[in-house]
Each structure stands twice: as C-alpha cells, then as structure tokens.
There are 2 protein chains.
Amino acid sequence: MANEMLDDAVRSLRESGVRMTPQRHAILEYLTTGHTHPTADEIYRALEHRFPNMSVATVYNNLRVFREKGIVEEMNYGDASSRFDFVTTRHYHMICEGCGKIVDFNYPVLDDVETVAAHLTGFKVDRHRLEVYGTCPDCQSNVH
Amino acid sequence: MANEMLDDAVRSLRESGVRMTPQRHAILEYLTTGHTHPTADEIYRALEHRFPNMSVATVYNNLRVFREKGIVEEMNYGDASSRFDFVTTRHYHMICEGCGKIVDFNYPVLDDVETVAAHLTGFKVDRHRLEVYGTCPDCQSNVH
DNA sequence: TATTAGATTGTAATCTTTATAATTAGTCTA
DNA sequence: TAGACTAATTATAAAGATTACAATCTAATA
C-alpha cells in the first residue's frame, strides 16, 4: 500500500536526522498516494488549502532534501518545470508529446549500457536515465 | 567535414521554406564546428562580436526552428538551462555529475525498448532518449 | 526593383527556482 | 515536561532562463 511507502520514507528520513514537520509529511503523503510526476507548483497548490501559510520555498526545499536522500527523482522534460517522482521500483517513462502525459513502464534495467559507456568514456558510472517519447492513445484519436 | 553538415542543414531548411539570414547561418555554423551541447547563452556570447546587434531572442527563435525541423536536439539536464546538440549520427550522452561535462558515446540503438514501450502503453512511439550519469576521469582524480 | 511574408531587434514580462533573514517549531536532554 | 539547540518554515526579493510583442528590417520571389 501507499502507507507502507510513506512509512518507509518517514523512517528513513528520521534515521538520517531529518525532522518531520507537518508540511514535509504532507508532501511525502502527496507523492505516495497516486500523484505521479507532479511539478513543485502542483504540489504547492494541492496542499495550500491545508497549509494556508505554506511557502513555495518549503516545497522546493523539501523536494531537494528528498532528492538528496534518494527518495524522489527529479526530471527535466521538455516543459519548463521539473517533475518529481517518488522512487519505488525501477521503471522508465513514456511521455506524450501531444499532452505531456507521463506513463511508467517496466523494462529490464539497462546495465549493459552503463558498462559499455563506462568503458568507452572512462567515466565512473552512477546511473542512467531513459525516456521514450510518442503520442498517447487519447491524442492519437483526437487527430482531426 | 563540418561543411557538409552545414550545407545539408542549410539546404534542408531552405527546402522547407526557412529563410537563410546571416545570424541563422552563423548559429548553424557554430553548431556544426565542434561546439557540442552549448546553451543558448553560450551561442549568443560566441556570436555577439560578429553580430553586435543580435538579440538573445534571435538565438532562441532559431533554436526553436531548428528543433522543429529536427536539425538540433534540445536537452534539459540538471542545470538550469537547455543545451542544444546538432543531430548527426545517433549517439547517447554521458554526463559528469561533478563538472557537467558531456561526452558522446555510441551504442546500438535501443529499438527494442521502443517496441516494448509501445506495446505496454499503447503509445505511438516517436523517439527515445538515454543518458548515463557518472564521474569523469578528471573529477575522479580531483577527489582529495 | 518592388513586394511580401518571414526574421530580427529591443524590451518587457513571465515563469521557475534560489537566496536570505527573521521567525517558528521539532527533537533531545536534563 | 521545560529548556535549549538547531533545523525548518515563512515571506520576500532576486536571479536566471525563456517567451511575448510591436516595430523595423530583409531574404526570397516575381
């Protein structure tokens, strides 16, 4: 369940000395309850009715903390603002060029690419990122 | 040679009704002469001595045109500004998390990922993008 | 060469993100 | 449980990247 993910995240943050505030908890809760790839602004707007005094900076600060702790992944796509994704199992992203919709899909992890890239470039490889772009079913049928 | 790439680009743009201005030509020239993955601002600063009156908007406008025509690829990495890459042969990018350096490397095109992703999501696939992140040799030896 | 639509310029505006200082509030310990 | 310590939040300003827009200019075409 989402609750487990949330509890795990809270525990792991606590263990590394990160304090748990109501705002921070709410952002984590938002990310673990079906809201995938939101922007910072979307999170802010979703929570401002519960925290009328919350600052946008708080959202950004927390997202940075979560990213540094490996709890969320930050992604820059074509559009202006970053999107944030709660890290669960390894997955890749399919992105619609028509409407911007993002859908996760699973695929065997491309370890080989990392090995080859390390060999060719001399870099010490840390991670990789793969995105597929195309047109979602809705946008395909909306062509007129 | 770079000249061929440049000539091809100019021809293909002309054929699709894009006018060739000195500024536009200079931007293309810059992109085809060994300057890989520059930001819009880097292009602007590199050319402003030749075109003292050139506007930043011109650089952005042209990069958008080139992107729409498939002549350059736009990439958003962790840093603030987009980077632009002249499209030649298919290659992927290795990015240093220490200093931001970007190195191209070749790898068999991941057609299979596109096929699988299309099947799993119902999208019509257009293209994909892969980046590997790590630490470049320089940054590895600069750890102290 | 005259025409015309597209391109450029200059500037303002927008949008996202970060910086900063003051205030507030978790967490730890006595 | 109170007090202290320090991190987190808030509010606001600032920075930086990109876009919008109106006026001017110019490449392409006949």
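Below, chains carry the letters A, B, ... as their sequence lines are ordered, and counting in each starts from 1.
Residue Val65(A) is the one, among Val65(A) and Ala40(B), whose nearest nucleotide of DNA chain D lies closer to the 5' end (criterion: closest heavy atom). For Arg19(B) and Pro52(B), each mapped to the nucleotide of DNA chain C holding its nearest heavy atom, the one lying further toward the 5' end belongs to Arg19(B). Comparing Ala57(B) and Gly17(B) by the nucleotide of DNA chain C whose heavy atom lies nearest to each, the residue mapping closer to the 5' end is Gly17(B). Looking at which nucleotide of DNA chain D each of Arg67(B) and Val18(B) is closest to, the 5′-most match is held by Arg67(B).
The phosphate of dT17(C) has neither OP1 nor OP2 within less than 4.0 Å of any side-chain N or O from Arg64(A). Put simply, Arg14(B) has no side-chain N or O that comes within less than 4.0 Å of OP1 or OP2 on dA27(D). For the OP1/OP2 pair of dA7(C) and a distance below 4.0 Å, the side-chain nitrogens and oxygens of Thr21(B) include no atom meeting the criterion. Checking the phosphate oxygens (OP1, OP2) of dT8(C), a side-chain nitrogen or oxygen of Asn62(B) falls inside 4.0 Å.
For the residue pair Thr58(A) / Gln23(A), no side-chain donor-acceptor distance below 3.5 Å is found, with atom types taken as modelled. Using modelled atom types and a 3.5 Å distance limit, the side chains of Tyr92(A) and His128(A) yield a donor-acceptor pair.
Salt bridge annotation for Arg83(A)-Glu42(A): present, with a cationic side-chain nitrogen under 4.0 angstrom from a carboxylate oxygen. Under 4.0 Å is where a charged nitrogen must lie from a carboxylate oxygen, and between Glu131(A) and Arg129(A) at least one such pair does. At a threshold of 4.0 Å, the pair Glu97(B)-Arg127(A) counts as salt-bridged, since one of the basic side-chain nitrogens sits closer than that to a carboxylate oxygen.
You won't find any donor-acceptor pair under 3.5 Å spanning the side chain of Arg24(A) and the base of dA8(D), going by distance alone. A donor N or O paired with an acceptor N or O is found under 3.5 Å between the base of dG10(C) and the side-chain atoms of Ser55(B).
Rounded to whole angstrom, the span from the CD atom of Gln23(A) across to the P atom of dT24(C) amounts to 14 Å. Across the protein-nucleic acid pair, Leu47(B) atom CG and dA7(C) atom P stand 18 Å apart, rounded to whole Å. The CZ-P distance, from Phe66(A) to dA8(D), rounds to 10 Å in whole Å. When rounded to the nearest whole Å, the span between OH of Tyr60(A) and P of dG16(D) equals 16 Å. Between the CG atom of Leu13(A) and the P atom of dA7(D) there is a distance of 16 Å, given to the nearest Å. Summarising the geometry, the separation between CE on Met20(A) and P on dT6(D) is reported as 20 Å, rounded to the nearest angstrom. One atom, CD of Glu68(A), and another, C1' of dT18(C), lie 13 Å apart when rounded to the nearest Å. Atom CG of Asn76(B) and atom P of dT16(C) are 13 Å apart (whole Å).
Checked against Phe66(B) for a side-chain contact (heavy atoms from CB on, under 4.5 Å), the options Val18(B), Val72(B), Asn61(B) give a single hit: Val72(B).
Considering only side-chain atoms of Ser82(A), the nucleotide from dA19(C), dT17(C), dA28(D) that sits closest is dT17(C).
When heavy atoms are screened at a 4.0 angstrom cut-off, Pro22(B) is found touching the sugar-phosphate backbone but no base atom. Among the heavy atoms of the strands, none lies under 4.0 Å from Asp41(A).
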